[in-house]
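Sharing a structure here in structure tokens format.
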2 protein chains.
Amino acid sequence: MASTALFAEIAALAGDPARAGMLHALMDGRALTATELARVAGVAPQTASGHLARMTAAGLIALQRQGRHRYFRLATPAVARMMESIMEVAADHAPPRRRFAVGPRDAALRKARTCYDHLAGELGVALADALVAGGYAELDAEAGIITATGIDFLGSIGIDLEAARARRPRATAHILCRPCLDWSERRPHLAGNVGKALCAHSFAHGWVRRIDGTRAVAITPKGHRAFHGEFGVRLG
Amino acid sequence: MASTALFAEIAALAGDPARAGMLHALMDGRALTATELARVAGVAPQTASGHLARMTAAGLIALQRQGRHRYFRLATPAVARMMESIMEVAADHAPPRRRFAVGPRDAALRKARTCYDHLAGELGVALADALVAGGYAELDAEAGIITATGIDFLGSIGIDLEAARARRPRATAHILCRPCLDWSERRPHLAGNVGKALCAHSFAHGWVRRIDGTRAVAITPKGHRAFHGEFGVRLG
DNA sequence: GCGATGCTTCGGCCATCGCCGTAACGTACG
DNA sequence: CGTACGTTACGGCGATGGCCGAAGCATCGC
């Protein structure tokens with residue numbers, strides 16, 4: 001079967017440490033320059049360039065020119081999902097390694113981070129739990145939905161999901177929503193279009209902001225108030 | 001971040017052609033011997049043995065001894081999901097290759113096959129479409145549910161999903177169900193616990209049977225009658 | 001026991017590929 | 001138009017790792 005060769009090609013591209021680091025850095029959904037990616041991968045710019053060319057040809061990442069810079073980003077959400085699923089398997093394998101040696105950066109990542117286009121970490125799980133507890137959502141490892149009252153609730157906050165509902169072939173009272181199992185909490189949280197909308201809203205209203213150039217995000221004072229007031233979520 | 005190294009390790013394991021072939025062969029959920037896997041991968045037994053040892057150590061596959069044979073199978077459903085997601089990305093990249101050169105084996109695979117623990121191919125998609133059309137299920141790329149009437153319908157056929165419903169923390173009228181986007185049809189079909197139950201039922205009642213040692217399955221005459229009578233599905 | 005089968009380990013060969021040096025190219029900016 | 005910066009192309013080095021031949025263990029059948 002020819003598809004096996006393609007499969008191996010994609011997996012091998014993701015399997016090189018330098019390329020994996022670059023893909024990891026792009027997991028926040030932003031676009032980075034070749035030089036930035038070279039730095040995070042710990043290789044020389046010319047080495048990074050070669051990697052980027054190969055991954056671009058394979059459709060893993062996409063290139064967009066802007067002035068004299070060339071910005072690279074993950075080509076499709078499918079690539080982000082692929083990486084999530086590999087990380088899930090890698091996390092299963094993690095135990096043999098030490099767990100306690102988490103630096104401050106890891107601590108920030110566990111607290112709150114973006115997972116391509118949605119929020120993850122303690123924050124992401126807490127928000128999902130709050131929605132489930134309030135009867136606004138149902139969620140397990142296989143699938144999730146936002147209930148009719150959940151759509152109204154999120155709408156009252158200013159997150160409009162009617163567009164997503166209208167896109168469904170048969171107008172139903174709820175919205176299907178993709179769950180995402182992340183490596184730090186080992187529990188599902190909101191992903192897909194709904195998670196993306198919630199994340200975008202959080203950034204737009206200054207509830208969270210990015211920490212330097214990583215995937216980690218910081219919860220602003222305003223965000224603490226909003227997450228507690230709207231969702232009943234309080235994070236130490 | 002240490003998790004990047006683990007990520008690369010897992011992806012690299014999946015990225016070797018020989019290992020990818022073995023993993024592919026195990027995607028039907030069965031357990032195969034080291035010799036069988038060596039044959040499908042096209043390498044000598046001793047080479048296969050090394051690959052299998054590495055993948056077992058990494059937690060990708062599991063070993064169960066049985067007499068003088070050693071049977072290998074995918075370690076967890078998470079590994080199968082990882083492979084599905086890689087195949088999805090690989091399929092996006094496929095266009096540059098020729099599409100028409102599908103041999104009889106590929107044709108059988110496209111018609112009906114198992115995808116780890118559930119049915120895929122034309123058959124899998126047709127069954128999912130039939131359930132959606134009958135109001136028994138809702139399904140999109142992000143998530144899926146089996147409706148209350150769907151639970152009753154499947155129950156009337158003999159597929160009991162009450163256990164799955166009872167497992168849910170809050171007893172609801174429906175069951176969340178994982179969708180799976182497969183490479184040949186490019187459309188979602190039923191996976192997860194529900195897809196697994198439907199597949200198991202189909203095998204148990206002789207509706208489908210495996211074709212030699214591949215992932216492809218053949219629909220029996222009895223199966224044609226059942227799929228048409230129960231689901232309204234008719235496949236040429 | 002003895003041979004046969006299935007699997008694993010060891011040793012050495014070979015190819016692939018990641019890496020960086022140097023150098024050339026193209027595009028913005030002064 | 002020249003400089004500077006970012007990116008790409010080429011060549012050679014080095015190491016990782018896949019591959020098989022041969023030999024060593026284990027298990028089953030006679």
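In the text below, chain A, chain B and the rest are named by the order of the sequence lines, each starting its count at 1.
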Check your understanding: Can a side chain N or O of B/Arg54 be found less than 4.0 Å away from OP1 or OP2 on D/dG18?
Key -> yes
Review point. Rounded to the nearest Å, what distance is computed from the CZ atom of residue A/Phe72 to the C1' atom of nucleotide D/dT7?
Key: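 Rounding to the nearest Å, CZ of A/Phe72 and C1' of D/dT7 are 9 Å apart.
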Check your understanding: Expressed in angstrom and rounded to an integer, what is the separation of B/Leu52 atom CG from D/dG18 atom C1'?
Key -> 14 Å
Practice item. Check the distance between C/dG18's C1' and A/Asp16's CG and give it to me in whole angstrom. Key: 7 Å
Check your understanding: Under 4.0 Å between a side-chain N/O of A/Thr35 and OP1 or OP2 of D/dG6, yes or no?
Key -> no
Exercise for review: Provide, to the nearest angstrom, the distance between the CZ atom belonging to B/Arg19 and the P atom belonging to D/dG18.
Suggested key: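 Taking atom P of D/dG18 as the reference, CZ of B/Arg19 is at 5 Å.
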Practice item. Looking at every strand, decide which applies to A/Ala18 at a 4.0 Å heavy-atom threshold: base, sugar-phosphate, or nothing. Key: sugar-phosphate
Exercise for review: Could you check how far CD of B/Gln46 sits from C1' of D/dG21, rounded to whole Å?
Suggested key: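 Going from CD in B/Gln46 over to C1' in D/dG21 covers 7 Å.
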Check your understanding: Roughly how many Å is it from CE in B/Met22 to P in D/dG18, rounded to a whole number?
Key -> 11 Å
Practice item. State whether A/His51 places a side-chain N or O below 4.0 Å from either non-bridging phosphate oxygen (OP1 or OP2) of C/dC19. Key: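 For A/His51, the contact criterion (side-chain N or O under 4.0 Å from OP1 or OP2 of C/dC19) is met.
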Point to revise | Ion pair check, B/Glu84 and B/Arg178, cut-off under 4.0 Å | key: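 A salt bridge links B/Glu84 with B/Arg178.
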Check your understanding: Have B/Ser85 and B/Glu88 got a donor and an acceptor in their side chains that come within less than 3.5 Å?
Key ->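 Checked: B/Ser85/B/Glu88 side chains show no N/O donor-acceptor pair below 3.5 Å.
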Exercise for review: Check whether any side-chain nitrogen or oxygen of B/Thr47 sits under 4.0 Å from OP1 or OP2 of D/dC20, and answer yes or no.
Suggested key: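 So the side-chain polar atoms of B/Thr47 do come within 4.0 Å of the phosphate oxygens OP1 or OP2 of D/dC20, strictly under.
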Exercise for review: Assert yes or no for the condition that the ring centre distance of B/Trp207 to B/His224 is strictly below 6.0 Å.
Suggested key: no
**Study point:** A/Met55 CE to C/dG18 P, straight-line distance once rounded to whole Å
**Key:**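 The distance from CE of A/Met55 to P of C/dG18 comes to 11 Å, rounded to the nearest Å.
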Exercise for review: Mind calculating the distance between CZ (B/Arg70) and P (D/dC28) to the nearest angstrom?
Suggested key: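 Answer to the nearest Å: 11 Å.
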**Study point:** Side chain to side chain, B/Arg187 and B/Asp182, heavy atoms closer than 4.5 Å
**Key:** no
